[in-house]
Every structure is written in C-alpha cells, then in structure tokens.
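Note on naming: letters A, B, ... go to the chains in the order of the sequence lines (proteins, then strands), and numbering restarts at 1 for each one. FYI, side chains are in, hydrogens and waters are out, and symmetry mates aren't considered; it's all heavy atoms of this structure.
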Number of protein chains: 4
Amino acid sequence: MFDLDLRSRHPIYEQLVERFKELIISEVLKTDEQLPSVRVLASQLTINPNTIQKAYREMERQGYIYSIPGKGNFVARVMREGNAEKLARLREELVKILSEAIYLGMKKEEIIKIISELYVMVKGGEKSDRS
Amino acid sequence: MFDLDLRSRHPIYEQLVERFKELIISEVLKTDEQLPSVRVLASQLTINPNTIQKAYREMERQGYIYSIPGKGNFVARVMREGNAEKLARLREELVKILSEAIYLGMKKEEIIKIISELYVMVKGGEKSDRS
Amino acid sequence: MFDLDLRSRHPIYEQLVERFKELIISEVLKTDEQLPSVRVLASQLTINPNTIQKAYREMERQGYIYSIPGKGNFVARVMREGNAEKLARLREELVKILSEAIYLGMKKEEIIKIISELYVMVKGGEKSDRS
Amino acid sequence: MFDLDLRSRHPIYEQLVERFKELIISEVLKTDEQLPSVRVLASQLTINPNTIQKAYREMERQGYIYSIPGKGNFVARVMREGNAEKLARLREELVKILSEAIYLGMKKEEIIKIISELYVMVKGGEKSDRS
DNA sequence: GTGGTCTAGACCACC
DNA sequence: GTGGTCTAGACCACG
C-alpha cells in the first residue's frame with residue numbers, strides 16, 4: 001500500500017510524508033478526512049508508532065494536516081496564497097532538476113506533456129468541488 | 001568561489017557535488033578538463049580533504065567525472081543516451097515537485113517560461129561545441 | 001455563542017474556562033449570578049456534560065465561581081486582595097511574553113496603548129457598580 | 001541550573017524551550033554560540049537524549065537556533081521583522097493576561113515598571129553590539 | 001481509543 | 001565527537 005523501503009537512505013518518516021502528500025495533492029484524501037490513527041497505521045506497516053507520529057507532525061508543520069489530540073489527524077484545507085516563500089523554494093528545486101533533465105536529453109515535448117497531465121489531474125479535482 | 005555554506009544542514013560534500021554538476025552541465029567545465037586536485041581544493045576551501053574526496057567519488061558514481069589514479073579527476077564525456085534509468089528517476093522527481101507547485105498555485109505560464117529559459121541556456125552552450 | 005473550536009488543539013473544557021473568565025472579568029456575568037446548568041449548557045453546545053462539569057470544577061478551583069450542590073454554580077465575589085500568589089504567577093507570565101514581544105520588535109507605545117485600553121474597559125465596568 | 005519540574009503538567013521539552021529562549025532573549029547566549037550537545041545535556045540533566053532533541057528541534061522551528069548535523073546546535077541570528085503573525089499571536093496572549101492581572105488589581109504603574117525594566121535589558125544588550 | 005510525551009536504548013552519516 | 005533516525009515499549013490527558 002505504501003511500499004516503504006526500510007533500507008532507503010531516505011528516512012521512513014520522510015517516505016511516509018511524501019506518500020501522504022501525494023494522496024492529499026491528488027485529492028484521494030479530501031479536506032477534513034481522517035487519517036489512519038497512529039497506532040493502527042503503525043501495526044499495519046509494522047513500524048514504530050513514534051515514526052508515524054513524527055511523519056504526522058512533519059505534515060502538520062508543512063500545513064497539510066491538522067491534529068486534534070484525543071480525536072485524530074485530519075487533512076487540512078488547501079492553502080493557496082501566502083506561500084510565496086514555499087513557491088520560491090520549489091522554483092529553485094525545479095530549476096535544478098530541469099537543468100539536469102535537459103542536459104541528459106529529456107525532450108521539451110515530454111516535459112510539457114507531464115505538466116499538462118498534472119494540470120488536468122489537479123485542476124480536474126478542483127472542479128469537482130463546485131459541483 | 002564555491003560559496004559553500006558550512007552552516008547548512010546539507011552536507012558539505014553534497015554542496016560540492018551540486019556546484020560541480022552545475023559547472024559541468026553549463027559547460028564551464030568541459031569534457032576531459034581536469035578538476036582541481038583534492039589537496040589543492042581542500043586547502044583553498046579550508047575544509048577536510050576527505051570531504052573533497054567523498055564529493056569526487058560521488059560524482060564519479062553518478063557518471064559526471066572519471067578518475068585516473070595518480071593523475072587526477074576529469075570531466076566525463078556527455079552521456080546523452082543510455083540514461084533511461086536516470087531519466088526515469090528525474091521524471092519522478094519532476095512529477096513530485098510539479099505536483100506540489102501546481103497544488104500551491106504556480107501558474108502554468110511560469111513553468112513554461114522556466115523551461116524555455118533553461119533550454120536556451122543549455123542548448124546555447126551546446127552550439128559552442130560545433131564551433 | 002461561545003464559538004468553541006472543536007478542532008483546536010486546546011481542550012474544549014479549557015476553551016470554556018477561558019470564555020467564562022472573560023465574561024466574568026468584563027462583568028457581563030456579575031457576582032452571585034447563576035451559570036447555566038451543566039446539562040442545559042451541554043445540550044446547547046452539543047458537547048459532553050462531563051466536559052462542562054470539568055470546566056466548572058476548574059473555574060471553582062481558580063476561585064472564579066462557587067458551587068452549591070443541588071442548586072447550581074454561581075459567580076464568586078471579586079477577589080481583589082489575597083491574591084499575592086496568583087498575581088506573582090501572572091507577573092511571571094507577563095515578563096515572559098513581554099520579553100519575547102520586545103525581542104521581536106514590538107513598540108513600547110503599542111504595549112502602553114494596549115494597557116490603557118484595557119484599563120478603560122475594566123475600570124469602566126467597575127464604575128457601573130457604584131451607580 | 002535549569003530547575004526542571006519533571007512532575008509539571010508542562011512537558012519537559014517545553015520547559016527546556018522556555019529556559020533556552022530566556023537565555024537567548026536576554027543574550028546570555030549570543031548569536032552563533034554553541035549550545036550543549038544533545039547527549040552531554042541529557043546526561044547532565046539525567047533525562048533522555050530524545051527529549052533534548054525534541055526541545056532543540058522545536059526551538060529551530062521557532063527560529064531561535066539552527067542545527068548543523070555532526071557539528072552541533074547554535075544560536076540563530078535575531079530575526080526582527082517578518083514576524084507580523086507571531087507578534088499578532090503575542091498581542092492576543094498579552095491582552096488575555098493583562099485583563100486578568102488588571103482585574104485582580106495589578107497597578108498600572110507596576111506594569112509600566114516591568115516594561116521599562118525589560119526594555120533596558122533587551123535594548124541595552126543591543127547597544128553592546130555596536131561597541 | 002486517540003494523540004502527546006517520555007525513557008532506554010541502538011545504529012547511521014558526517015567531519 | 002556530533003546530530004538524525006528508529007525501535008519497543010510506557011504513562012498521561014482528553015472526550
């Protein structure tokens with residue numbers, strides 16, 4: 001389900017954060033939906049509850065979820081705007097990766113295609129809100 | 001020169017790798033050009049030679065340079081093909097970062113603009129090969 | 001009415017205590033006035049009666065209300081003196097928050113302004129006693 | 001030294017954060033000064049290293065210190081400006097505590113005196129930078 | 001049953 | 001030596 005790589009150089013909690021962010025961004029997990037409880041998920045993935053806890057706190061710090069002690073963890077409202085700083089950081093990462101990709105021969109058309117597909121995915125999910 | 005940030009949470013050797021890769025990708029350092037020796041660079045940057053050595057070995061592993069024992073480290077030939085694996089990895093990273101950027105509201109036009117600028121930069125450097 | 005935030009990380013009973021204390025301090029609720037019964041308030045706010053009960057017991061402990069078994073909960077007499085201990089605690093909190101505010105650049109004038117406004121509010125409410 | 005209260009309702013790591021912030025605000029700990037290592041402090045205070053780690057990470061999140069893996073934790077540069085949000089939060093806390101203090105009879109003069117003393121302390125420390 | 005905190009360890013990467 | 005991560009537990013407050 002989460003296909004974690006316990007041997008990876010990336011910490012487990014970071015892998016969890018990435019997977020959950022994907023689910024939230026693609027709106028598989030919707031606003032205010034409850035995430036699996038720390039202990040349930042820990043036993044399902046057979047990893048330590050503290051590691052799940054760390055992942056959840058990191059996601060909260062990044063603004064993707066919120067926590068109600070004694071109740072659970074929930075998907076936060078999307079936070080368009082007020083992210084100038086975060087967007088600047090992403091822009092830098094984008095430049096770095098694109099530079100390498102172009103250098104290694106990735107076609108411009110392929111990149112444009114990726115972008116278009118992603119836009120359909122995210123913006124499509126948005127429209128379903130208005131219905 | 002390399003504007004290393006000794007306070008950064010990114011390891012110094014990783015910063016070195018990134019800086020060198022930028023120089024190679026932008027063809028400031030050209031194929032078969034010799035890199036500064038480990039000891040010279042270490043004393044210039046006043047950091048531990050082991051750290052330089054580690055950065056060079058990492059770049060070699062990634063295919064950006066090659067080492068001739070007793071001679072030095074040199075920029076590798078550009079490797080336009082035979083990179084299916086590396087390109088697939090970059091594609092994944094690209095998708096991840098683009099997803100987040102789009103989710104946070106980055107405009108499609110801005111992304112296209114970044115791509116175009118980068119293409120001019122890299123492809124421009126390429127032409128100088130033919131001269 | 002009480003605008004409780006069920007999603008807040010502050011416990012509900014604590015939010016209740018804060019709201020009631022505000023009402024008592026600003027003398028919207030006057031000495032010996034009866035508070036809503038536990039059960040009535042619980043059904044109005046659609047929260048657990050135990051939570052109301054806990055809030056009332058906490059306020060009693062802090063000296064803001066008193067309870068008459070079988071009758072209800074009532075606003076306690078103002079306790080201007082005999083609070084050396086509580087005032088000392090508040091003084092400490094005040095120092096801590098003011099230190100941080102000053103450190104972060106809050107203007108002295110702004111702090112004075114806040115104090116003056118609050119004095120007008122509280123002392124104004126006091127005068128209505130004499131009428 | 002840190003007079004921690006292990007029985008307190010406030011978590012140990014939070015008490016640590018408060019004590020350290022006091023030391024930083026009052027400039028007992030100066031910019032770029034190194035904090036005690038996680039393990040040394042843990043053994044000195046006879047508490048778990050993880051608890052120290054948690055406190056340090058929280059202070060980093062709040063912008064008071066920065067961490068260099070493998071080197072240590074260090075006091076961050078003061079960060080005047082760009083704190084509108086944090087100042088707004090402090091303003092609210094200030095209002096709440098002042099309301100209660102005034103209600104319980106704290107004299108206006110006493111509050112002014114506290115403010116003035118704190119200003120001398122913080123602003124005095126600032127001037128020593130210029131010398 | 002939920003999250004939040006804490007202990008007593010361990011192993012890793014970095015320098 | 002340093003911080004960063006992780007495990008395998010435990011106890012607490014909250015609702």
Novice: If I take atom CD in residue C:Glu58 and atom P in nucleotide F:dA13, what distance separates them, rounded to the nearest angstrom?
Specialist: 13 Å
Novice: So what does A:Arg9 touch, heavy atoms closer than 4.0 Å: a base, only the sugar-phosphate, or nothing?
Specialist: nothing
Novice: The side chain of A:Arg57 lies closest to which of these nucleotides: E:dG4, E:dC15, E:dC6?
Specialist: E:dG4
Novice: Whole Å only: how far is the NE2 atom of B:His10 from the P atom of E:dC15?
Specialist: 13 Å
Novice: Out of F:dG4, E:dC6, F:dT5, which has the shortest distance to the side chain of D:Arg39?
Specialist: F:dG4
Novice: OH of A:Tyr56 versus C1' of E:dG3: gap in Å, rounded?
Specialist: 11 Å
Novice: Would you check if there is a donor-acceptor pair between the side chains of D:Gln15 and D:Arg19 at a distance under 3.5 Å?
Specialist: no
Novice: Below 3.5 Å, does any donor atom in the side chain of D:Asn50 face an acceptor in the base of F:dC6, or the other way round?
Specialist: yes
Novice: Considering only side-chain heavy atoms of D:Ile47, which listed nucleotide, F:dT2, F:dT5, E:dT7, is closest?
Specialist: E:dT7
Novice: With a 4.5 Å heavy-atom cut-off, do C:Gln62 and C:Met59 have their side chains touching?
Specialist: no
Novice: Nearest-Å distance, CG (A:Leu41) to P (E:dG1)?
Specialist: 17 Å
Novice: Could you state the atom-to-atom distance from CD1 of A:Ile52 to P of E:dT5 in whole Å?
Specialist: 17 Å
Novice: Taking atom NZ of D:Lys86 as the centre, report whether more than 12 heavy atoms of other residues, nucleotides or ligands fall under 6.0 Å from it.
Specialist: yes
Novice: Kindly point out which of E:dG4, E:dC14, E:dC11 is positioned nearest to the side chain of A:Pro69?
Specialist: E:dG4
Novice: Answer yes or no: does a side-chain N or O of D:Gln53 lie under 4.0 Å from OP1 or OP2 of F:dT5?
Specialist: no
Novice: Given side chain to side chain contact (heavy atoms under 4.5 Å, CB included), test B:Arg57 with B:Asn73 step by step and report yes or no.
Specialist: CA-CA 10 Å; B:Arg57 289 296 67 74; B:Asn73 294 276; 2.9 Å; yes
Novice: Let me spell it out: for each of A:Leu6 and D:Gly70, pick the nucleotide of DNA chain F with the closest heavy atom. Which residue's pick is nearer the 5' end?
Specialist: D:Gly70
Novice: Does the salt bridge (charged side-chain N to carboxylate O under 4.0 Å, His left out) test come out yes or no for D:Arg89 and D:Glu93, once each step is laid out?
Specialist: CA-CA 6 Å; D:Arg89 199 175 44 69; D:Glu93 281 190 65; 3.1 Å; yes
Novice: Among E:dT5, F:dG4, E:dG3, find the nucleotide with the atom closest to the side chain of A:Asn73.
Specialist: E:dG3
Novice: Can you give me the closest heavy-atom contact between D:Ile47 and D:Ile12, atom names plus distance?
Specialist: CD1-CG2, 3.9 Å
Novice: Are any of D:Lys54's side-chain N or O atoms less than 4.0 Å away from OP1 or OP2 of E:dT5?
Specialist: yes
Novice: Considering only E:dC6, E:dG4, F:dT7, which nucleotide approaches the side chain of D:Ile12 most closely?
Specialist: E:dC6
Novice: Please give the stem ranges for DNA chain F, sorted by first residue number, where a stem is three or more consecutive Watson-Crick or G-U pairs and both donor-acceptor distances are under 3.5 Å.
Specialist: E:1-14 with F:1-14
Novice: For D:Pro11 and B:Glu14, take the nucleotide of DNA chain E holding the closest heavy atom to each; which residue's nucleotide lies nearer the 5' end?
Specialist: D:Pro11
Novice: At under 4.0 Å, does any side-chain N or O of C:Tyr13 touch on OP1 or OP2 of F:dC14?
Specialist: yes
Novice: Using a 4.5 Å cut-off on heavy atoms from C-beta on, say whether the side chain of D:Asn50 contacts that of A:Asn50.
Specialist: no
Novice: How many whole angstroms separate atom CZ of B:Arg7 from atom C1' of E:dC15?
Specialist: 18 Å
Novice: Roughly how many Å is it from CD1 in D:Ile68 to C1' in E:dA13, rounded to a whole number?
Specialist: 15 Å
Novice: Kindly say if B:Thr51 contacts the phosphate of E:dC14, meaning a side-chain N or O under 4.0 Å from OP1 or OP2.
Specialist: no
Novice: Run the numbers on D:Glu27 and D:Lys30 for salt bridge (charged side-chain N to carboxylate O under 4.0 Å, His left out), then give the verdict.
Specialist: CA-CA 5 Å; D:Glu27 304 202 351; D:Lys30 297 191 172 42; 5.9 Å; no
Novice: Can you figure out which of F:dG4, E:dG9, E:dG4 approaches the side chain of D:Asn48 most closely?
Specialist: E:dG9
Novice: To the nearest angstrom, how far is D:Asp5 atom CG from E:dT5 atom P?
Specialist: 16 Å
